[in-house]
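This report concerns only the one structure given below.
Chain letters run A, B, ... following the sequence lines, proteins first, then strands; residues in each count from 1.
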Protein chains: 2
Amino acid sequence: MARKSSAVDPLRLDNQICFAVYSATHAFNRVYKPLLDRLGLTYPQYLVMLVLWEHDDVPVKEIGEKLFLDSGTLTPLLKRLEAAHLVKRTRSSEDERQVLIALTPQGHALKEKARSVPQSILAASDCSVSELVAMKDEIVALRDRLNAVIGE
Amino acid sequence: MARKSSAVDPLRLDNQICFAVYSATHAFNRVYKPLLDRLGLTYPQYLVMLVLWEHDDVPVKEIGEKLFLDSGTLTPLLKRLEAAHLVKRTRSSEDERQVLIALTPQGHALKEKARSVPQSILAASDCSVSELVAMKDEIVALRDRLNAVIGE
DNA sequence: AAACATTCAATTGCGAACAATTAAATGTGA
DNA sequence: TCACATTTAATTGTTCGCAATTGAATGTTT
């Protein structure tokens with residue numbers, strides 16, 4: 001019998017979509033790094049800022065739901081953003097369990113400096129916008145199917 | 001003038017392919033977690049084992065090139081795999097700068113227990129193999145274009 | 001051979017990411 | 001109201017991931 005062809009060997013690294021996604025994440029990170037250094041942000045911090053630029057004064061929980069992150073990740077990250085004077089953390093008076101995250105004026109202002117970032121990423125992707133949108137939608141659909149399995 | 005439509009706002013979280021990829025990586029990780037717990041591996045450790053199951057007795061450098069990871073990540077990870085008796089680390093006699101990583105008998109044997117993992121991931125993806133292969137190829141192509149920009 | 005540069009792994013320090021636990025606030029049922 | 005469960009952040013401990021540096025081994029140039 002012939003050996004199993006490498007093209008269909010399910011344990012082969014190159015055949016694994018998860019590794020493709022995993023390594024693409026790191027590649028994106030490396031492209032973002034120099035751009036975000038100029039803003040004084042890491043990539044996860046940038047994601048939190050994106051959430052806040054859309055909708056300010058939200059509880060930690062809501063940020064976590066949007067980014068699929070928990071308080072173990074967010075609490076120290078938000079403290080660093082607070083130390084950088086980009087956000088303010090205050091206990092909600094209506095529900096004292098919640099901590100509300102609000103942008104400072106500097107946090108608001110940083111949005112202007114961030115506007116050039118997506119354009120730089122698009123250029124690095126070397127790909128049309130419509131292709132990227134199509135890929136994005138496929139990946140999001142896959143992610144949502146995976147997340148659905150976890151909740152079972 | 002009308003406000004910029006959210007569908008084309010480049011700073012909107014939902015419009016960012018990088019966030020799609022980033023969050024899909026975490027979703028994959030959460031699906032892998034219970035499967036890999038049974039093997040006593042984390043996901044990055046599983047990737048190293050995939051490399052070694054394909055080609056044994058390789059220097060750290062080569063593992064790093066295949067996984068896009070550096071010694072700062074791999075050295076402690078490989079020490080943990082050695083502590084788990086899955087690999088052996090030995091200085092090369094031809095070039096004493098290199099550390100060669102070889103599977104132990106237990107490391108080899110673990111491949112059999114790992115064979116069911118890809119099937120479980122495929123099931124969780126809830127998607128045809130051909131669709132996944134097409135997505136994987138697109139993502140790899142994007143990753144390689146991003147990595148090409150970094151080297152400039 | 002001697003001086004210099006390069007390669008390779010290890011180390012240090014920092015920032016995620018997450019499981020598990022804790023503590024306080026809130027909600028619910030008897 | 002009192003007991004109990006739930007919700008929310010914070011905390012602790014482990015493992016990545018990477019930049020920057022170190023130190024030893026190897027190459028290269030003259």
Applying a strict under-4.5 Å side-chain criterion to I, L, V, M, F, W and Y, I'd like to know whether [X] and [Y] cluster together.
X     : Y      : value
B:V60 : B:V58  : yes
B:L36 : B:F28  : yes
B:L11 : A:L103 : yes

(request) Shoot me the first and last contacting nucleotide of DNA chain C against chain A, ordered 5' to 3', at under 4.0 angstrom to non-hydrogen atoms. (result) C:dG15 to C:dT26
(request) Return yes if a side-chain donor-acceptor contact under 3.5 Å exists between B:Q119 and B:S116, otherwise no. (result) no
(message) With the threshold set at under 4.0 Å for non-hydrogen atoms, list the residues of residues 39-77 of chain A touching DNA chain C in residue-number order.
(response) A:T42, A:P44, A:Q45, A:F68, A:L69, A:D70, A:G72, A:T73, A:L77
(request) Give, ordered by number, those residues of residues 83-103 of chain A having at least one heavy-atom distance below 4.0 Å to an atom of DNA chain C; if nothing qualifies, reply none. (result) A:E94, A:D95, A:E96, A:R97
(request) Applying ring-ring contact (aromatic ring centres under 6.0 Å, His included), name anything that partners B:Y22, two or more places apart in sequence or on another chain. (result) A:Y43, B:H26
(message) Once side chain to side chain donor-acceptor pair (under 3.5 Å) is applied, do any residues pair with B:E96, and if so which ones, sequence neighbours excluded?
(response) none
(request) Could you tell me the separation between the CG atom of B:N29 and the P atom of D:dT15, rounded to a whole number of Å? (result) 15 Å
(request) Write down the distance between OH (B:Y32) and P (D:dC16), rounded to a whole number of angstrom. (result) 16 Å
(request) Find the distance between CG (B:D137) and CG (A:D14) and round it off to the nearest 0.5 Å. (result) 10.0 Å
(request) With rounding to the nearest 0.5 Å, note down the distance linking CG in B:L100 to CZ in B:R91. (result) 10.0 Å
(request) Describe, in one word, how the ring planes of B:Y46 and B:W53 are oriented to each other, choosing from parallel (under 30°), tilted (30 to 60°) and perpendicular (over 60°). (result) perpendicular
Show me the donor-acceptor pairs, under 3.5 Å and distance only, between side chains in residues 73-85 of chain B and residues at least two apart or in other chains.
| unit_1 | atom_1 | unit_2 | atom_2 | d |
| --- | --- | --- | --- | --- |
| B:T75 | OG1 | B:S71 | O | 3.0 |
| B:E82 | OE1 | B:R89 | NH1 | 3.3 |
| B:E82 | OE2 | B:R89 | N | 3.2 |

